[in-house]
A.B. asks: 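This structure is in structure tokens; I'll ask about it shortly.
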Amino acid sequence: MKSFKIYFVMVLVLLSSGILFASGQKEESGEKVLKLVGWSTTPQEKEYVQSRIDLFEAENPNVKVEWEILANEYNETLQIQIASGKGPDVFYLDASWASMFIENYALSPIDYYISQSTIDGFYPSTLDAFRDDSNLYGLAKDMNTLVLYYDELAFEKYGMSVPTTWDELLETSKTFAAMDEYEAGIVLRTDFARFYPFILQNGGSILDEDGNPNWTDKAVVDAFDYYFNDLIGSGAAKTNKDFNGENEGALTTKKVPMMISGGWATAYLNENGKDIEWKMTKLPKGKSEKTVLFTVAYVMNKNANDQELAASFIDFMTSEKSQRMVVDSGLAVPTRQAVADYYIEKNPTLGANPEQAKNAKVYNLGVHTPKIADLMSAAGDKIRLQGMSAQQALEEAELEFNEYLDTL
Amino acid sequence: MNKTKENKFYGWFFLSPYLILVVLFFIVPLLFAIYFSFTRYSLIWGGIENAKFVGLNNFKNLLTDKTFLLSLKNTFVFVILSLPIQLIVSFFLAYFLNSHLLKNKGYYKTMFYIPTLISTVAITLIFSYLFQSNGLINIVLSIFHPIEVNWMDSVSLIKYPVVTMYAWIKVGVYMLIYLSGLMGIPTSYYETLKLEGGNFIHELRFIVIPSLRNVTYFITTMILIDSFKLFDIPFIVSKGTGGPLNATLTTVIYIYKSAFSSGRMGYATAASLILFLIIFVIAKLQSTVKERL
């Protein structure tokens, strides 16, 4: 029994010393480790980011960048990593989530380490989501705006013009919808992010200056009416749910000649749109030409070990040189204004995407973005599925939002 | 150390890996959950020292939260629909497999069990095609009456594809449990019934159902607990929204969204404790009823 106890204690001591030795190894070697967490949509993107990391490591020989790709449940996994007390030094953050992270003090400001001239080089709208009243917390790595895609062959065949206004969009959609060849004139998604541009174009806003909901404002109600009653309700448009969730697929399979999506759709269209002649143009305008901009930034964790190093990495990954490489890889639209011309030069048919950035509002409605998006989408569903008036649907949504705020 | 003490020591020693795991991964998280349910806390605040005590506020707010109450209602509907379907279908599949007349039993067993092994995402995709407006289900139903509804985008109908998918995935497991129960019934019972001139109904009523009482209790408990925790199918079907119009919003999806989308971990934990209590009470009631029968 005694020898057994000694053996047991020895095993424990060995295990503990092993753990301690393993955790202390990197500090002893003097190498700085910078942990990056992000996602990767394509093998090409992964290759591109890795090549930039390799360059950064070559320029900083004592730095090792550990890049972890989170394939699923990105925000959830990231939150858990941060809750564990550490988390990555630098990570990707979608603009729609930025306020939640900033207002909960999960990020460190980067403007202490980045020059003003560097910051001024970005499209201002791409950085809006990553600011609070006094600081900037991230630099956008790429961006996309919502644009109108159409099949040029269809428009040429029937001698139609590409719509540039709401009225033209409705008329053109109705004309195509009436043809046997098409199931509808345009496919529309019913989640808030996709119809938000119509609210903006109509002069509406989701929150007033004090952050209160502004949803029964006439401009908002009319935008809902146009989208859900005039376009979808009339049959001029069908939703992606009518095509088993397919948005881009409805265009490439010639079920509709038009669709609204972001710049990211080009990869799918290049792959699957061989039977159509797809083109991109600006969204048809309402009272103004606004659209919604989606962007992702490199941000710095408040727990980052070496904040100066983390900031210099962010600066490097979003530098003009890096963004030129983004353009060359054809993966995304650059966020630096100086590279926009280069993008249009390389992609002359995709110019609508960066051109709209000047009139775009970033997709971020503050800390309650996910809740607002849920309620606005539900208001749209009430109009679409239950025949409720836009006014009533939005009144109910506003009431529910206020009740939600009361529970916080 | 005498023999009894030494035996006790070895007993505890060999139990210790299991006990350590239970304490680390069940008892400690449960205690944390109880603590968090009385706090305001977001994961991105960092460690638990940042949680702010709010007393019973989370529970009070939940009991008046219309969306939470709707999620509970939806969950009960899913349970009520799933329980009889899964119980009856798995029983009859097992009964069919246990038949002496059936050949190639292994083939059928594999066929019925395979859905359990397929990815939920793949199953959801297949069923979405089946239940869309021009899908196979509508084509078959149109033989009796023209129908064009998109089941997956209908507030009143979407629960049925979800319940069907759920049953399709789950019955394979319960079928095997029933089958093992059926195989344990002595053949002499059936022979006696045959001599007495009993028929199929008599066989079910006097032999099979009474003999499978404990198995049925076990399966019912499993279905109840599992259905109350329903998450993946409605989550994938609704792309994480619980829609359309919260028609597929189960309590677990609500908890998930509160914790991760709204950053309200304390509130979500309180909701999960309420769900735990509901499951506990129902399981207890079920056990009481079983003992009295």
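Proteins come first, then strands; the chains are lettered A, B, ... in the order of their sequence lines, and each starts at number 1.
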A.B. asks: I'd like to check B:Lys257 versus A:Asp374 (side-chain heavy atoms, cut-off strictly below 4.5 Å). Are they in contact?
C.D. replies: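 They are in contact (side-chain heavy atoms under 4.5 Å apart), so the answer is yes.
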A.B. asks: Which pair of heavy atoms, one from A:Met100 and one from B:Ile44, lies closest together, and at what distance?
C.D. replies: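 Nearest heavy atoms, A:Met100 then B:Ile44: O-CD1, 3.4 Å.
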A.B. asks: As an exercise, state the distance from OH of A:Tyr105 to OG of B:Ser42, rounded to the nearest 0.5 Å.
C.D. replies: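 Atom-to-atom, A:Tyr105:OH and B:Ser42:OG are 12.5 Å apart.
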A.B. asks: So, for A:Glu246 and B:Tyr129, which heavy atoms are closest and what is the spacing to 0.1 Å?
C.D. replies: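 So the two residues come closest at OE2-OH, 4.4 Å.
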A.B. asks: Could you grab the distance from atom OH of A:Tyr404 to atom CG of B:Asn61, nearest 0.5 Å is fine?
C.D. replies: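 The distance works out to 11.5 Å.
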A.B. asks: With a 4.5 Å cut-off on heavy-atom pairs, point out which of B:Met265, B:Lys66, B:Lys239 contacts chain A the most.
C.D. replies: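 It is B:Lys66.
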A.B. asks: More than 12 foreign heavy atoms under 6.0 Å from CZ of B:Arg40: is that the case here?
C.D. replies: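 No, because the 6.0 Å sphere around CZ of B:Arg40 holds 12 heavy atoms or fewer from other groups.
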A.B. asks: Quick one: what part of B:Tyr256 sits under 4.5 Å from any heavy atom of chain A, side chain, backbone, both or neither?
C.D. replies: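 Contact with chain A involves the side chain of B:Tyr256 alone.
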A.B. asks: Enter the distance from A:Asn244:CG to B:Asn150:CG here, rounded to the nearest 0.5 Å.
C.D. replies: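 A:Asn244 CG to B:Asn150 CG: 7.5 Å, rounded to 0.5 Å.
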A.B. asks: On a heavy-atom basis, which atom in B:Phe260 and which in A:Gln79 lie closest, and how many Å separate them?
C.D. replies: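 Smallest heavy-atom distance, with atoms named: O-NE2, 2.9 Å.
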A.B. asks: Among A:Lys241, A:Glu76, A:Glu73, which residue has the highest count of heavy-atom pairs closer than 4.5 Å to chain B?
C.D. replies: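 Top option by heavy-atom pairs under 4.5 Å: A:Glu76.
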A.B. asks: Look only at the side chain of A:Asp381 and the backbone of B:Gly243, and say whether a donor-acceptor pair between them is shorter than 3.5 Å.
C.D. replies: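 No.
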A.B. asks: Counting neighbours of NZ on B:Lys159 that are heavy atoms of other residues, nucleotides or ligands and sit closer than 6.0 Å, is the number greater than 12?
C.D. replies: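 Correct, the count exceeds 12.
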A.B. asks: May I ask you to test the A:Ile80-B:Leu43 pair for a side-chain heavy-atom distance under 4.5 Å?
C.D. replies: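 The answer is yes, as the side chains (C-beta and beyond) meet within the 4.5 Å cut-off.
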A.B. asks: Can you tell if the side chain of A:Glu400 reaches within under 4.5 Å of the side chain of B:Thr67, non-hydrogen atoms only?
C.D. replies: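 Yes - at least one pair of side-chain heavy atoms lies under 4.5 Å apart.
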A.B. asks: Measuring heavy-atom distances to chain B, does A:Gln386 have an atom under 4.5 Å in its side chain, in its backbone, in both, or in neither?
C.D. replies: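 The side chain, not the backbone.
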A.B. asks: Determine the minimum heavy-atom distance between A:Pro370 and B:Ser261, stating which atoms define it.
C.D. replies: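 Scanning both residues, the minimum pair turns out to be CG-O, 3.4 Å.
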A.B. asks: Between atom CG of A:Asp242 and atom CG of B:Asn134, what is the distance when rounded to the nearest 0.5 Å?
C.D. replies: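 That separation rounds to 9.5 Å.
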A.B. asks: Indicate yes or no: at least one non-hydrogen side-chain atom of B:Thr241 is less than 4.5 angstrom from one of A:Ser377.
C.D. replies: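 The answer is no; the side chains never approach within 4.5 Å.
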A.B. asks: For B:Phe32, is the CZ atom crowded, meaning more than 12 foreign heavy atoms sit under 6.0 Å from it?
C.D. replies: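 Counting other residues, nucleotides and ligands, CZ of B:Phe32 stays at 12 neighbours or fewer.
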A.B. asks: Which atom names give the shortest non-hydrogen contact between A:Ala378 and B:Leu245, and what distance separates them?
C.D. replies: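 Closest pair (atom of A:Ala378, atom of B:Leu245, distance): O-CD2, 3.2 Å.
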A.B. asks: Chain A heavy atoms under 4.5 Å from B:Asp153: which part of the residue, side chain, backbone, both or neither?
C.D. replies: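 Both parts, backbone and side chain.
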A.B. asks: Does any backbone or side-chain atom of A:Lys302 lie under 4.5 Å from a heavy atom of chain B? Answer side chain, backbone, both or neither.
C.D. replies: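 Just the side chain, heavy atoms under 4.5 Å.
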